[in-house]
There are 2 protein chains.
Amino acid sequence: MADELPNVLLLGPPSVFKSYERQFSEKFHFLKPKESSIPLHQFLSNHAGSVKAAFCSASVPITSDILQILPELRFIMTSSAGINHIDLHECRKRGVKVANAGPIFSEDAADMAVGLLIDVLRKVSAANRFVKAGLWQQNGVYPLGLKLGGKRVGIVGLGSIGSDVAKRLNSFGCIISYTSRNKKAHVKFPFCLTIQELAAKSEILVVCCALTDQTHHMIDKNVILALGKNGIIINIARGAIINEKDLLDCLQKGEIGGVGLDVFEHEPDVPEQFFELDNVVMTPHHAVMTEESFRNIYELVVGNLDAFFSNTPLMYEVV
Amino acid sequence: MADELPNVLLLGPPSVFKSYERQFSEKFHFLKPKESSIPLHQFLSNHAGSVKAAFCSASVPITSDILQILPELRFIMTSSAGINHIDLHECRKRGVKVANAGPIFSEDAADMAVGLLIDVLRKVSAANRFVKAGLWQQNGVYPLGLKLGGKRVGIVGLGSIGSDVAKRLNSFGCIISYTSRNKKAHVKFPFCLTIQELAAKSEILVVCCALTDQTHHMIDKNVILALGKNGIIINIARGAIINEKDLLDCLQKGEIGGVGLDVFEHEPDVPEQFFELDNVVMTPHHAVMTEESFRNIYELVVGNLDAFFSNTPLMYEVV
């Protein structure tokens, strides 16, 4: 019966596949290079004739090399909102459609951004360690935190996630500005043309933009120094938007107040120097990892693969 | 010169006094039993004739015993929003005015409630430990969290803090209900007459009410079981509103999903059994501890002591 199901190449695989493997497998026949002893390129060559659709996570680069091995490929569904791992130029050239998670993860990502920000400002994780170490009884008073309300927050990238962050922080009384590829016509918040300008007028930066050639290492030493030594940066977008070496250097020199990082330049490798700093809060690329978003992405992926094979319109097509 | 300043009895002392000691001491002459080798009751007797005003923290019970020793006392300024440590009945009888922090701490307390809630739902502190222990590289995927949006949240006590919590959680898409001494006339959220009813219809309880004889141990095993085994409780009010023994028992039996606790029944003592549980996030009675709120409370206390000694109206007079 599996032979009658449409073939889908599985790359990664995405975490949502593991959660819904049984349900996915009732609808499609997945080709799994990860479970094969054959090297990836050989595996792809062997199945080149039958692979029309692929389902991938953000952790697997879909390069022009890979696309060349798969001449029949016509659709890539990524489980991520980010699409920086896919060679979109090559996809366009080859007539390969690409769809992503659209705004499915936006609210969860925005919630995590706010959670990390409150954690850094109010020292939640560090205070939790303080209590668990029995230091409350021993030392008494714990250092003061900083109030969220009234803080000048710069949103870096006012797409779906950035807008959800702004909406939330607005309810806390924050003063929002943003930078984005373009000034948004119907947005009341002040727009800054450059990240440098945004950092100079902000106390907090929340990074919500896509990773592109333009945003790679966009937040470097200059931006951090413009934000100032009490400044806070939250990153729930992609690690490489921040120059991690510059950030670590500034943290070690006290040139920045604190950071909340869900993403890193070389995941899952995190520079161990971060671990010793109480003003650094880290989560393992977990901003969108909820039971609810996984249910939603499962339904989207099944719907889009069905749509592709029945030649009906895709949701969240980006190429 | 200190002799010309009005005497103020200092009990606790409040943390804000330590932060602003120099400024406070330029305006008032503080009598400090904590720094004296004389026992408290003897110290109070010695100064009974000259103590008209006291400045205290929530950690010092102002009992009828203490009030009897101080027949000239006419004003108690507490640095806290809670007033459960003061025998208000005795104060009324003796014509002692009492003022508290009013709504000065409300926003900070509400921010911390939201921070603790996101931490518990999205496992922020636990995920931070996971990264710091190097387990991301080793184990890979971290367990899924739960989405905040769409959750049914019951606010326990819709005063100043509870209203600020509701306003914030509304922006995350939560579905709010509340219980309070009385149904609020101009509030759109559904009202529940009892905590049991609120727990039964909620997935999350956020405790924001005052500690009184009526609210002592209001959240017990029955309420926790009504909330259900995936339920979450956040407490930024007073520890004794929850029966801590029942709570611990339910946590150990998996009869509740998780808790975020800023307050405990016997602070700074925290049952060590809490420390081992990944679904428990604790802060050391720190919900209002920000630089900004300390500045505000400093200004309020100085203003109220000035007002008392010059016989002009007090801010946030509760008795």
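Here is how names work: the chains are called A, B, and so on, in the same order as the sequence lines, proteins then strands, and each is numbered from 1.
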Do other residues, nucleotides or ligands put more than 12 heavy atoms under 6.0 Å from K32(B) NZ? yes
Check each atom of I118(A) against the heavy atoms of chain B and say whether the ones under 4.5 Å are side chain, backbone, both or neither. side chain
Counting heavy-atom pairs under 4.5 angstrom with chain A, the leader among M112(B), E272(B), K18(B), E276(B) is M112(B)
Interchain contact, L116(B) with chain A, by part (heavy-atom threshold 4.5 Å): side chain
Could you state the interatomic distance from CE (M289(A)) to CZ (R122(B)), rounded to the nearest 0.5 Å? 10.0 Å
Note: F275(B) and V131(A) closest approach over all heavy atoms is CZ-O, 3.4 Å
Taking the side chain as C-beta and beyond, is there a heavy-atom pair between V124(A) and V124(B) under 4.5 Å? no
Select one option (side chain, backbone, both, neither) describing which atoms of E291(A) are under 4.5 Å from chain B's heavy atoms. both
With side chains defined as the heavy atoms from C-beta onward, is the minimum distance between L146(A) and T290(B) less than 4.5 Å? no
Closest-packed option against chain A by number of heavy-atom pairs under 4.5 Å, given A287(B), G260(B), S293(B): A287(B)
Do K147(A) and E107(B) meet the salt-bridge criterion of a basic N to acidic O distance under 4.0 Å? yes
To the nearest 0.5 Å, how far apart are CG in L144(A) and OG in S15(B)? 8.0 Å
Between L261(A) and chain B, which part of the residue has a heavy atom less than 4.5 Å away: side chain, backbone, both or neither? neither
In terms of heavy-atom contacts, Q137(B) and D269(A) come closest through NE2-OD1, 2.6 Å
Which atoms of F264(A) approach chain B - backbone, side chain, both or neither, heavy atom under 4.5 Å: side chain
Nearest 0.5 Å, please: how far is CG in D164(A) from CZ in F172(B)? 10.0 Å
side-chain hydrogen bond (donor to acceptor under 3.5 Å, both in side chains): which pairs involve residues 126-136 of chain B, sequence neighbours left out? R129(B)-D278(B)
Top of P284(B), P143(B), G145(B) for chain A proximity - count of heavy-atom pairs under 4.5 angstrom: P284(B)
In terms of heavy-atom pairs under 4.5 Å with chain A, which of L135(B), T283(B), D111(B) leads? D111(B)
Is H286(A) reaching over with its side chain to a backbone N or O of V141(B), donor-acceptor style, under 3.5 angstrom? no
Side chain / backbone / both / neither for Y142(A) at chain B, heavy atoms under 4.5 Å: both
From the list V114(A), D119(A), D262(A), L148(A), the residue making the most non-hydrogen contacts under 4.5 Å with chain B is V114(A)
Tell me, out of G173(A), G140(A), S171(A), G134(A), who's got the most heavy-atom pairs with chain B below 4.5 Å. S171(A)
